[in-house]
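See structure below.
Only a predicted model underlies this, so the values are computations on that prediction, with no experimental measurement involved. Note on naming: letters A, B, ... go to the chains in the order of the sequence lines (proteins, then strands), and numbering restarts at 1 for each one. Quick note: numbers below take in every heavy atom, side chains included, and nothing from hydrogens, waters or symmetry partners.
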Amino acid sequence: MHSSSPQTHHLHLLTPFEPNSKQKKTQFGYIRTKTHHGDISTYNSILLQLTKEKYDPILKSISLYQELLCSGISPNTFTFPCLLKLLANKCALAEGKLIHAHIIKLGLEYDAYIRNNLIRFYGQCGDISIASKLFDIFPDRDIVSWTILMSGYSKVGMFRESIKLFIQMMELNLEVDAVTVVSALSACSRLGDLKLGKKLHRYIKIRNVNLDVYAWNALVDMYAKCGDITCAYDLFKQMPERNIVTWNSMISGFVHAGEFIRALSVFRKMQNKGIDPDHTTLVSVLSACTNLGALEMGRWVHLYMLRMGFKPEGVLGNALVDMYAKCGVIDHAVQVFEGMMKRDVFTFSCLIIGFAMHGKAEKAMDLFSEMLTAGIEPNEVTFVGVLTACSHAGLVKEGLLQFDNMLKIYGLNPDVRHYGCVVDMLGRAGLLGKAEEFVKEMPIEPDSSIWGSLLAACKMHGNVEMGERVMQRALEMPSKEDGDYILMSNLYAFSNRHNDSIQVRKEMRRNKVRKIPGCSSIEIDGIVYEFRAGNKLSL
DNA sequence: ATAGGGTTAG
């Protein structure tokens, strides 16, 4: 692993700094001392301007700094925050360390702005240990230092550490503001720890923190991601001001909670308020459509995108491919896929799963090869698609090989989904003994879906003896599946053991296992309605 | 003149 940044070639520009020398030596020899931009404040304002540019003007900023040094001008406390911000955005760790040395040499390391920017710089560049060390030795850390370090931890996925800092602030009774609160809450969202989230919320109320729309959004998101969608929606309704992110958080919150109809209903409310959806909104809306099989609504999103000039690229493109693939219009999924400029592991995985689900195993496997050829590393989900394809096509040998390759070649640990695919594959192929053996030797605890697959295989091949054995194991599971009873009952019936068949049905009723009420959705004129068996149509 | 925050797919 090489840790050298791609900007290393600029390093020679940053020669050892001597503020008062008239000439600067670089690898290219002596550079004339000449002021191009006047005094230090002019340089600073140009640097500040650069931090606001859309593109990454790292070359420009470094050469500007270089020019400044060569002009014999001393950088001051206003120079470095801008410079560090520019370098942080590019993760130019090596250059930043040099700048850090310059800062120390100039004795500017005790400036609060510079210290905080250094912490931020190291945090952004992924060297969180340096960031935290700086924070620790910083005598005058303020609320900004705390927040910056919290963000640094979150950036590298150390959410517990991030929240630990907030708790420390609570214990020290330090002032917290809306920005600090956002950092803590978003770390909590990522952890999905509702208990912790509630604790933070209580503290926010006790301290009477003045919440702005960012903080409200973070609260809504925290409750949604931690599984309390009711509370999230209550806060959403009572918050004083909403923006597009608020709506997006609420829609994605409902999607996350599996409440797809309510997600679309919030989307409709958003439109009624005249708020135009952005990319993020459409991704969540497409996800809801995918899960509902709401093809017409999905098509509408696609048309809307075309009308508004939203390119089907990146996350949005992937969501569109997924929607078409799962809603049964595989040809459109392929069209969108082919129209995309860049395809990543998501794009490929969506289409591979799509092909596999449509019984097009060969296409799925071809696409998998194409993906590998393109140098895209597969992940766990890719293999769910690959194994599903093998299972449906009866490609047992290939499937077992791919299952083996997961860990051997790609270092991916198979989870219960993958084991389920293999059981399904062996079972469908009639290799019941092998399937049972495979389940016995699984390094993870089989769940009810595994037993279900095995039982389905027994039913398919009329193996009562094994079916009884499997059923026994299925009944040991904490959640009894109605499908298992029905499979077993049908297996008996198929084998002319009608009394046993009736017994199983009776036992199912005795154990109060009911077929889960059919819950589905339909679209009428592109409006998605949900209905449950026995219930009235409800929006 | 300079520093900290939110939403997105399989």
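- Each of B:dT7, B:dT2, B:dG6 was ranked by its minimum atom distance to the side chain of A:F78; first place goes to B:dT2.
- A donor N or O paired with an acceptor N or O is found under 3.5 Å between the base of B:dG6 and the side-chain atoms of A:N243.
- No engagement by A:D278 is indicated, since no non-hydrogen atom pair under 4.0 Å with the nucleic acid exists.
- Taking only distance into account, the side chain of A:N217 never meets the base of B:dG5 through a donor-acceptor pair shorter than 3.5 Å.
- Dashed line: the shortest gap from a side-chain N or O of A:S287 to OP1 or OP2 of B:dG10 is under 4.0 Å.
- Remark: ring of A:Y113 overlaps the six-membered base ring of B:dT2 in a stacked fashion, centroids less than 5.5 Å apart, planes less than 30° apart.
- When the side-chain nitrogen and oxygen atoms of A:S186 are compared with OP1 and OP2 of B:dG5, none of them lie within a distance under 4.0 Å.
- Checked against B:dT8, B:dA1, B:dG10, the side chain of A:N44 finds its nearest nucleotide in B:dA1.
- Side-chain atoms of A:V213 lie closest to B:dG6 of the nucleotides B:dA9, B:dG6, B:dG4.
- Classification of the A:Y122-A:H100 ring pair by plane angle, with boundaries at 30° and 60°, yields tilted.
- For A:V345, the side-chain atoms get nearest to B:dG10 when compared with the rest of B:dG6, B:dG10, B:dA9.
- Regarding A:F383, its CZ atom lies at a distance of 15 Å from the C1' atom of B:dG10, rounded to whole Å.
- Evaluation of atom-type donor-acceptor distances gives a pair under 3.5 Å for the side chain of A:N318 against the base of B:dA9.
- Among the nucleotides B:dG4, B:dG10, B:dA9, the one closest to any side-chain atom of A:D322 is B:dG10.
- Among the heavy atoms of the strands lying under 4.0 Å from A:C350 are primed sugar atoms or P, OP1, OP2 only; no base atom is included.
- The listed nucleotides are B:dG5, B:dA1, B:dA9; the one nearest the side chain of A:V315 is B:dA9.
- For A:V245, the side-chain atoms get nearest to B:dG6 when compared with the rest of B:dT2, B:dG6, B:dG5.
- Taking only side-chain atoms of A:S183, from C-beta outward, the nucleotide of B:dG6, B:dG5, B:dA3 with the closest atom is B:dG5.
- Under 3.5 Å, the side chains of A:D278 and A:T281 contain a donor-acceptor pair of N or O atoms.
- Taking 4.0 angstrom as the limit, A:R120 places a side-chain polar atom (N or O) nearer than this to OP1 or OP2 of B:dG4.
- A parallel orientation is assigned to the rings of A:H279 and A:F310, their planes being inclined by less than 30° (bins at 30° and 60°).
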